[in-house]
Amino acid sequence: MTIFKQRQMWLQQEMIQRGWSGFLVTHHVDIYYYCGSMQTGYLFIPAEGEVLYLVRRSLVRAEEEASADVEALGSWKTLGERLRARCADGSAAGAALRIATELDVLPVQLYLRLQTSLPGAVWEDGSLLVREQRMIKSPDEVAAIREAARVVDAALETAIPHIREGMAEFELMALIEHQLRLRGHQGLMRMRAYNSELITGMVAAGAAAAVPTYFDGPAGGTGLHPSSPQSSGRAPIRRGEPILVDLGCMIDGYLIDQTRTLVIGDLDPELQRAYDVAEEVLRATEARLQPGRIAEHLYLLALDHVQEAGLSAHFMGYGADQVKFLGHGIGLEIDELPVLAKGFKYPLAPGMVIAIEPKFTFPGRGVVGIEDTYLITDNGFEKLTMTRDGLIRV
C-alpha cells in the first residue's frame with residue numbers, strides 16, 4: 001500500500017467519526033499530499049470507497065502519477081452527480097451530503113460554484129484536519145527534508161569564500177541560489193497563508209535587513225522593488241555589519257529552513273551580545289524538545305529568557321513589526337503546524353518537523369540570529385540542519 005493510500009484511509013476514518021460524506025481537496029499541495037500528483041483538478045475522497053481525481057489538465061500525467069481513480073473533469077453540470085455517486089450515504093436520491101474542504105484557502109468564487117453544483121449539501125471546514133495530519137512526517141518526507149538540509153549547507157559553504165566587502169546583497173543571493181539549483185533545489189518555497197510569498201530565502205545586510213515588510217517574519221529586507229518588498233536589495237555589504245542569511249530549499253517538494261549570521265570582520269559588542277542570546281535561546285529550546293512538551297510553552301519560556309537578557313524590545317522584530325512566534329512546522333509548505341506561539345496547545349509528537357528561529361532586530365543596524373530545523377523523535381530530537389553553528393566570520 002502506498003503512503004498516499006495510507007493518508008487517504010486515515011482521512012476516511014476521521015470523516016466517518018465526524019459524519020462527513022466526503023472531502024473535496026482543492027489546494028494543489030494537499031492534492032499532491034493525498035494522491036502523489038499535482039495536476040489541475042479536484043481530488044474527492046469519500047468517507048468510504050475509492051478516491052476520485054477529476055482532472056482538467058494534464059489528464060495523461062495524472063493517470064501516470066496519481067494513487068486514485070482518474071477521470072476528466074468535464075462539465076460542471078455533472079460534477080455534483082459524480083461526487084454524490086461516490087458517497088455511500090448519497091445513494092438515495094436527494095440525500096443530504098456533508099462535504100468537507102479546505103476553507104482556509106478556497107476562493108469564494110469556487111465555493112459558490114460548488115454550492116450550485118451540489119444543492120442542499122452542507123459544507124464543512126476540513127482545513128485544520130488536513131494541516132494536523134500533515135504535522136506528522138513519514139520517513140520518506142523526513143528523508144527529503146534531510147536532503148534539502150544537506151543541499152543548503154553545501155550551497156552556503158560554496159558561496160561563503162566569494163563574499164567580499166562592497167558586493168550587493170542580491171549578488172550574494174544569486175551566488176547561493178545558483179549553487180542551490182545546481183544541487184537540485186526546485187526553486188519554490190510554498191506558503192499556505194493568503195497573499196504570502198517567499199523566494200529561496202532572505203540575504204540582507206546591516207540596516208537593510210531590519211527594514212520591515214508585510215512578510216510575517218522578524219526580518220524584512222528592502223527587496224529589489226516595491227512590487228516584491230522583501231529579501232535582497234541593492235545595498236552593498238559592508239565590513240562589521242551582520243549579514244543575515246535565511247535560506248530555504250525544496251527537494252522532492254519538501255522544505256528546509258535555516259538561518260546563519262555572517263560578518264566581514266567583527267560585530268560591534270551590542271549586536272554580538274544579542275547574537276549570543278539568540279544562541280542561548282535556541283539551545284535552551286533544544287533542551288526542551290521532547291514528546292509531550294506543549295508548543296506554546298516553548299515560546300513563553302523563550303520570552304522569559306529574552307526578558308531577563310533585557311532584549312525583549314528587539315526580539316523577533318521591532319516595535320509594531322514584532323512577530324509573535326519562535327518557530328513553525330515545515331514540510332510541503334514553510335508555514336505548517338505546529339507553531340511555537342501563544343495559543344498553540346499542540347503537544348510535540350514524534351514525526352513533527354519544526355524550524356526554531358530566535359532573532360533580534362535593531363533598526364538602522366541589522367538583524368542577528370540563528371535558525372535550525374528539528375525532527376521530534378521518540379526520545380527527543382534530531383537536528384536536521386547541518387551548517388556549522390556560531391557566528392560565521394568571513
Side-chain angles (χ1 to χ4, degrees), residues 149 152 156 198 201-204 209-210 212 215-221 242-248 256-263 267 269-290 293-319 321-330 334-336 338-344 348 352-363 365-376 380-381 383-392:
V152 161
L156 179 58
L198 191 63
M202 174 178 171
V203 173
F215 182 75
D216 191 22
I243 309 166
L244 193 72
V245 181
D246 187 344
L247 297 176
I256 194 71
D257 201 1
Q258 170 189 290
T259 300
R260 292 296 183 268
T261 301
L262 287 65
V263 63
L267 291 177
E270 186 179 11
L271 293 179
Q272 179 66 60
R273 177 175 177 270
Y275 176 80
D276 292 340
V277 172
E279 285 219 348
E280 290 174 8
V281 171
L282 186 64
R283 300 305 163 221
T285 306
E286 277 184 355
R288 301 181 178 107
L289 291 181
Q290 300 262 340
R293 286 276 188 175
I294 304 302
E296 176 188 58
H297 293 173
L298 297 176
Y299 173 64
L300 296 177
L301 289 167
L303 290 182
D304 290 341
H305 192 133
V306 170
Q307 185 175 21
E308 290 174 7
L311 288 168
S312 296
H314 300 274
F315 185 54
M316 301 299 284
Y318 188 82
D321 294 302
Q322 281 185 301
V323 295
K324 308 299 184 182
F325 66 89
L326 173 65
H328 52 89
I330 192 165
I334 204 164
D335 53 344
E336 296 196 357
V339 182
L340 305 188
K342 192 172 182 178
F344 287 83
L348 301 188
M352 289 181 175
V353 177
I354 302 170
I356 302 173
E357 52 174 319
K359 294 168 183 168
F360 294 94
T361 300
F362 295 82
R365 300 172 68 189
V367 182
V368 296
I370 187 169
E371 179 179 22
D372 282 316
T373 297
Y374 302 86
L375 168 69
I376 305 302
F381 69 89
K383 187 170 81 169
L384 298 179
T385 37
M386 302 175 185
T387 296
R388 51 181 150 145
D389 293 328
L391 181 70
I392 298 175

Can we call the ring centroids of F360 and F315 under 6.0 Å apart?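 Yes - the distance between ring centres of F360 and F315 falls below the 6.0 Å cut-off.
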What are the two closest heavy atoms between T361 and A210, and how far apart are they?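 Minimum heavy-atom contact is CG2-CB, 3.8 Å.
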Any sub-3.5 Å donor-acceptor pair from H328's side-chain atoms to I334's backbone N or O?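 Yes, the answer is positive, given that a donor and an acceptor are paired below the 3.5 Å cut-off.
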Heavy-atom check, side chain of [X] versus side chain of [Y], under 4.5 Å:
X: R365; Y: E270; value: yes
X: K342; Y: F325; value: no
X: V152; Y: T385; value: no
X: L391; Y: V263; value: yes

Got a second to check how far [X]'s [atom1] is from [Y]'s [atom2], nearest 0.5 Å?
X: I392; Y: R260; atom1: CD1; atom2: CZ; result: 6.5 Å
X: Y374; Y: T285; atom1: OH; atom2: OG1; result: 8.0 Å
X: Q290; Y: L298; atom1: CD; atom2: CG; result: 10.5 Å
X: L340; Y: I294; atom1: CG; atom2: CD1; result: 11.5 Å
X: Y275; Y: T261; atom1: OH; atom2: OG1; result: 5.5 Å

Polar contact flag, side-chain donor to acceptor under 3.5 angstrom, Q258-T387: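 A pair is found: one side chain offers a donor N or O, the other an acceptor, under 3.5 Å apart.
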Worked verdict on K359 versus T259 for side chain to side chain contact (heavy atoms under 4.5 Å, CB included): CA-CA 9 Å; K359 294 168 183 168; T259 300; 3.2 Å; yes
Verify side chain to side chain contact (heavy atoms under 4.5 Å, CB included) between R288 and L348, making sure each step is shown before the conclusion. CA-CA 10 Å; R288 301 181 178 107; L348 301 188; over 6 Å; no
